[in-house]
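Single-structure report; data block below.
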Amino acid sequence: MSQPFQTSLPAEVVQEILRAVEQLRFGAVEITVHDGRVTQIERREKVRFGNEPQKSKPTATAAAAI
């Protein structure tokens, strides 16, 4: 059986970290620590578009016509 997660961090800090991770689909969570205390939590999210048609580059003939 696994042990429950134990930490000396305040419960509100742990909750904020978990919330930041749970809300991400693609991205990163950065935790800044000063003097052994969590002082900042940043969440960076990437939005990816994978189903867009690729744009073709104009051909030399098309570019000359412009």
Side-chain angles (χ1 to χ4, degrees):
M1 201 181 322
S2 65
Q3 297 275 330
F5 180 75
Q6 299 206 356
T7 179
S8 61
L9 292 172
E12 69 177 330
V13 172
V14 173
Q15 288 300 320
E16 284 298 324
I17 293 169
L18 291 174
R19 188 174 305 128
V21 171
E22 288 171 346
Q23 291 176 350
L24 274 182
R25 184 147 182 228
F26 297 102
V29 174
E30 182 177 323
I31 303 165
T32 304
V33 178
H34 288 268
D35 293 327
R37 293 181 51 230
V38 174
T39 59
Q40 182 171 309
I41 301 167
E42 286 186 62
R43 182 172 61 94
R44 289 188 302 271
E45 188 164 0
K46 298 182 184 296
V47 178
R48 298 187 178 191
F49 304 97
N51 295 331
E52 286 188 32
Q54 292 184 350
K55 295 180 181 179
S56 60
K57 293 182 180 178
T59 61
T61 310
I66 295 177

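Just so you know, these numbers come straight off a predicted model, no measurement behind them.
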### Message
salt bridge (Lys or Arg N to Asp or Glu O under 4.0 Å), that's the test. Do Glu22 and Arg19 meet it? Break it down for me.
### Response
CA-CA 5 Å; Glu22 288 171 346; Arg19 188 174 305 128; over 6 Å; no
### Task
Check the surroundings of atom CD in Gln40: do more than 12 heavy atoms from other residues, nucleotides or ligands lie under 6.0 Å from it?
yes
### Query
Do Thr32 and Val38 touch side chain to side chain, with heavy atoms closer than 4.5 Å?
no
### Task
Give the minimum heavy-atom separation between Ala20 and Ile41, together with the two atoms involved.
CB-CG2, 4.3 Å
### Shared hydrophobic cluster for Leu18 and Phe26 (ILVMFWY, side-chain gaps under 4.5 Å)
no
### Task
Would you please test Glu45 and Arg25 for salt bridge (Lys or Arg N to Asp or Glu O under 4.0 Å) and show each step?
CA-CA 7 Å; Glu45 188 164 0; Arg25 184 147 182 228; over 6 Å; no
#### Entry: Reported CG-to-NZ distance for the pair Leu24 and Lys46, which is rounded to 0.5 angstrom
10.5 Å
### Task
Nearest 0.5 Å please: distance from the OG1 atom of Thr39 over to the CD1 atom of Ile31.
10.5 Å
### Task
Carefully, step by step, assess Glu42 and Val29 under the rule side chain to side chain contact (heavy atoms under 4.5 Å, CB included).
CA-CA 6 Å; Glu42 286 186 62; Val29 174; over 6 Å; no
